[in-house]
Number of protein chains: 2
Amino acid sequence: MLAKSSTELVRQKNSALVLSALRRHGPLAHTELSDFTKLSSATVSVITADLERAQIIEKAEQQAASGRGRPRVLFSQRRNCGYLIVVVISSDAVQYSLVDYAGRLIDRFSEERSQEASGVGPFVADLRDALRRIAARSQLAHDKVLMISISSKGLVDTSEPVLRWSPIFGRDEIDFAAVLRDEWPAKIILGNETLLVASALGRQEENNKGSDFRAMAALSLGHSIGLGIVRRGEEGGHQVSAPNFGHMMHVPGGGLCRCGARGCIEAYAGFYAMLRTAFDVPLDTIPAKFVPIAELDKIAVSARHGGRRNMLAFRQAGLALGNGLSRVLSLHERMPIVITGPGVRYYDLLIEGITEGLAESHVVRMEGMPELRVIVDEPTLVFEGHLNHAFSIIDNDIVRRTASVVELRGQAG
Amino acid sequence: MLAKSSTELVRQKNSALVLSALRRHGPLAHTELSDFTKLSSATVSVITADLERAQIIEKAEQQAASGRGRPRVLFSQRRNCGYLIVVVISSDAVQYSLVDYAGRLIDRFSEERSQEASGVGPFVADLRDALRRIAARSQLAHDKVLMISISSKGLVDTSEPVLRWSPIFGRDEIDFAAVLRDEWPAKIILGNETLLVASALGRQEENNKGSDFRAMAALSLGHSIGLGIVRRGEEGGHQVSAPNFGHMMHVPGGGLCRCGARGCIEAYAGFYAMLRTAFDVPLDTIPAKFVPIAELDKIAVSARHGGRRNMLAFRQAGLALGNGLSRVLSLHERMPIVITGPGVRYYDLLIEGITEGLAESHVVRMEGMPELRVIVDEPTLVFEGHLNHAFSIIDNDIVRRTASVVELRGQAG
DNA sequence: AGTAAATTTCTCGACTGTCGAGAAAAAAGT
DNA sequence: ACTTTTTTCTCGACAGTCGAGAAATTTACT
């Protein structure tokens, strides 16, 4: 209860509502907009006229009339209203995508990262170079890029686009805003990768279940462990967060983790950790920087054929995940859990431990086992999450500026 | 982004803003209202006139003018606009308080609960009886009671006033709405006790730090362990939640807890648990229902004089709390932690374990030790939290109804 | 071809809300 | 009695939403 309300704010919110309907359902006619937003037809008229004048949306070309009556004219985002660059940083590569304001992919390329850590300096140089390149390839002026949305695994600051800790660069922080400010007027945002997965899942679930949707967690298994949580917010929106799950304490004083602490969940359930258990290496051995997935596949094959030690590796990983999840559920509420990431290929070996680790806890005894789902294709979710997250911010920013834009245009004309 | 906005909503929000300013700062004049809410003087005039007409606020009696100029007239809540009954359920007693709409305590009494658990049936009968009594003593018609705000330790449903699990009644649920509906038209709300502590602390902190305030946790130590978290919400308001911290898993398959599960934090840090460790009773012994605090005091004295086994009891409790807190911080952000409840009398013995349990984790290594504060007087915080929480809901409800009330009055007059 | 029916979009007037500026009110000083 | 000072109230302008009905535009039917 801190901010006062005003009629201008009402317009802002309702304009945002119109834009978000367009995002969710694609091109819509006046009538449909009115239906989806529950705004009166008259209001929709005014808002669409404003947005059209501000060059944010446009009427689509007339299309074959489908029935009796005046034909509908569809509104959609003006594609060249602005652009979004999506940067997905993973352990072995960085993927760059250029997307127009309507959400269409225009260009994409990936750059491999050299395995031997080259440090922050060269990485940033590569990043700047690649960004310049993706704009140049589509002959785009830098000021037409509204936002650069970056994701990485690791620990991300909640308010600034600063990477606090990552499996790749460790404690060497990267302040992306500082690094890109000189060349890009765009807004820079940085999100934890699994946060974006959760965001994408939240939208999917909302589409399916409607207002029944309450909350959901995404667990990403791989070299490191990520968790994203999405919940319905006070005002109908989605609140999404990425707790530092991988480095939540599993066992006090337990196995040494890549982060330098001991007993993190990742130190039991990350790929390197499972390998460590499988080979019976002492738990305080400094973990390998990178583990070829083929190595783990071998262990999995053996485990599936009854190899004791190898089964144990997956079981212990599952237990760490299950216990951790039970703690998450204790601190929030019971919610469906979606498991994704490269590690899902071992789901058959992990599930027993996960279930057992969950079962012991008070929450699960009280409220029952949470629903567990598996989704294999993580990269698609990450990209969807980027679009989701980025455009909802972009649209809100745009709407906040529209009033003044219209004013200026009015004076000019 | 689901709900549309409208001019009526604007008025609602701004009316709520006025009422909340009155709550925070006590009686205020027109000018002060305008200052605090940032609303224009004209708008304040309209809103206060509406609220006055609806019998929600009133002008205070003229008071001695303090200086030159037209004297201020203070607005304040109409005391008899409605009443709130606060019910604080603790392990040994139930306290009933009657509060008027201005937040003034009118009547209060406590009823001891018999130690041998008498079950839900008799408890509910006593509750109904006491509620009838507190209204009768002030000759209050039941329909003048706007809300009955109940608190208990234990697990509370997030949407309905249903006690899911409590240290007192175990899994025997109580649906307070169902139980009181026939006699009381009032809204019934139920909150976890430590949630209300957090709510009170949040308000205090907001008053001190203003917009610097981000989040805060309240940890209540006693027979059971409670945790409340308060965070600044999207729209400036406070979001408060009570995770099931006491029964979060501390050690898989660990000591038997009152709740029936194993290894809960409470099974190490609750009073009965510390006693169990001190007397070296096996960890799977069914815990005592109730532990006289004098017993623990003896152990504390011995521990302070170097009694090994007794020191261990407090140390283990501290470790459980510290580890648990580190997990909470992993899942949220770093925030100050206020420790309260009867258990703070052993703070000197617990702090070492707490610190150690916190220190091991990734979060604390990364972001540093969270600020720890001790507040001894928990009951005051609980009551403050009740008022806070209840009146913010009441005010919002009232404001939602005011429009129609004014309309009806307009027709009648 | 002409007209009716159907459907969508646009427009007008009524209503509600906020705001700035200045009028009105009410006390203290001169 | 008049001025100064401070607070409260009031008026007209402006922004926003809404319902109802007019206008537009196509298909169907005679």
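Quick note: numbers below take in every heavy atom, side chains included, and nothing from hydrogens, waters or symmetry partners. Per chain, numbering begins at 1; letters A, B, ... match sequence-line order. None of the values given here were measured: they were computed from a predicted structure.
Closest contact between the side chain of A/S40 and the listed nucleotides D/dA28, D/dT26, D/dG19 involves D/dG19. Considering only side-chain atoms of A/R70, the nucleotide from D/dT27, D/dA15, C/dT8 that sits closest is C/dT8. If you check D/dC11, D/dG16, D/dT26 against the side chain of A/P71, the one that comes closest is D/dT26. Each of C/dT18, D/dG16, D/dT7 was ranked by its minimum atom distance to the side chain of B/R72; first place goes to D/dT7. Taking every side-chain heavy atom of B/K4 into account, D/dC18 is the closest of C/dA25, D/dC18, C/dT9.
Under the 30°/60° scheme for interplanar angles, the aromatic rings of B/Y101 and B/F391 are found to stand perpendicular.
Between the side chains of A/T43 and A/S40, a donor-acceptor pair is found at a separation under 3.5 Å. Under 3.5 Å, the side chains of A/E32 and A/H25 contain no donor-acceptor pair of N or O atoms. Counted by atom type alone, A/S199 and A/N388 present one or more donor-acceptor pairs between their side chains at under 3.5 Å. A/H30 and A/S41 are linked by a side-chain donor-acceptor pair at a separation below 3.5 angstrom, with hydrogens and angles left out of the test.
Between A/R68 and A/T43, the residue anchored nearer the 5' end of DNA chain D, judged by the nucleotide with its closest heavy atom, is A/T43. Of the two residues contacting DNA chain C, namely A/F75 and A/S5, the nearest-nucleotide position lying further toward the 5' end is that of A/F75. Of the two residues near DNA chain C, A/S45 and A/T7, the one whose nearest nucleotide lies more 5' is A/S45.
Remark: P of C/dT11 and CG of A/D50 are 13 Å apart, rounded to the nearest angstrom. Per the geometry, CD belonging to A/E8 stands 11 Å off P belonging to C/dT18, to the nearest Å. Nucleotide C/dC15 holds its P atom 17 Å from the CZ atom of B/R11, rounded to whole Å. Separating the CG atom of A/L17 from the P atom of D/dT17 is a distance of 11 Å, rounded to the nearest angstrom. Atom NZ in B/K59 sits roughly 13 Å away from atom C1' in C/dA26 (whole-Å rounding). Rounded to whole angstrom, the span from the CG atom of A/L74 across to the P atom of C/dT7 amounts to 17 Å. Following rounding to the nearest Å, A/L39 (CG) and C/dT9 (C1') show an atom-to-atom distance of 16 Å. For the pair B/N14 CG and C/dC19 P, the interatomic distance rounds to 7 Å; values are reported in whole Å.
Tested against B/R231, the residues B/H332, B/H238, B/M216 include a single side-chain contact (heavy atoms from CB on, under 4.5 Å) partner, B/H332. For the side-chain contact (heavy atoms from CB on, under 4.5 Å) test with A/L33, the passing option among A/I47, A/L17, A/V18, A/L74 is A/V18; the others fail. Exactly one of A/V99, A/L140, A/L98 qualifies for a side-chain contact (heavy atoms from CB on, under 4.5 Å) with A/D107. That residue is A/L98.
Contacts between residues 25-35 of chain A and DNA chain C, counted as heavy-atom distances below 4.0 Å, involve A/A29, A/H30, A/T31.
Applying the side-chain contact (heavy atoms from CB on, under 4.5 Å) criterion to B/E160, with sequence neighbours excluded, gives B/D157, B/V162, B/R164.
Not one side-chain nitrogen or oxygen of A/S6 sits closer than 4.0 Å to the OP1 or OP2 atom of C/dT18.
Put simply, the side chain of A/S41 and the base of C/dC10 share a donor and an acceptor less than 3.5 Å apart.
Remark on the helix from C/dA1-D/dT30 to C/dT30-D/dA1: inter-end axis angle 30°, axes from five-pair C1' superpositions, rounded to 10°.
A/F383 is listed as a side-chain neighbour of A/L105, based on a closest heavy-atom distance under 4.5 Å.
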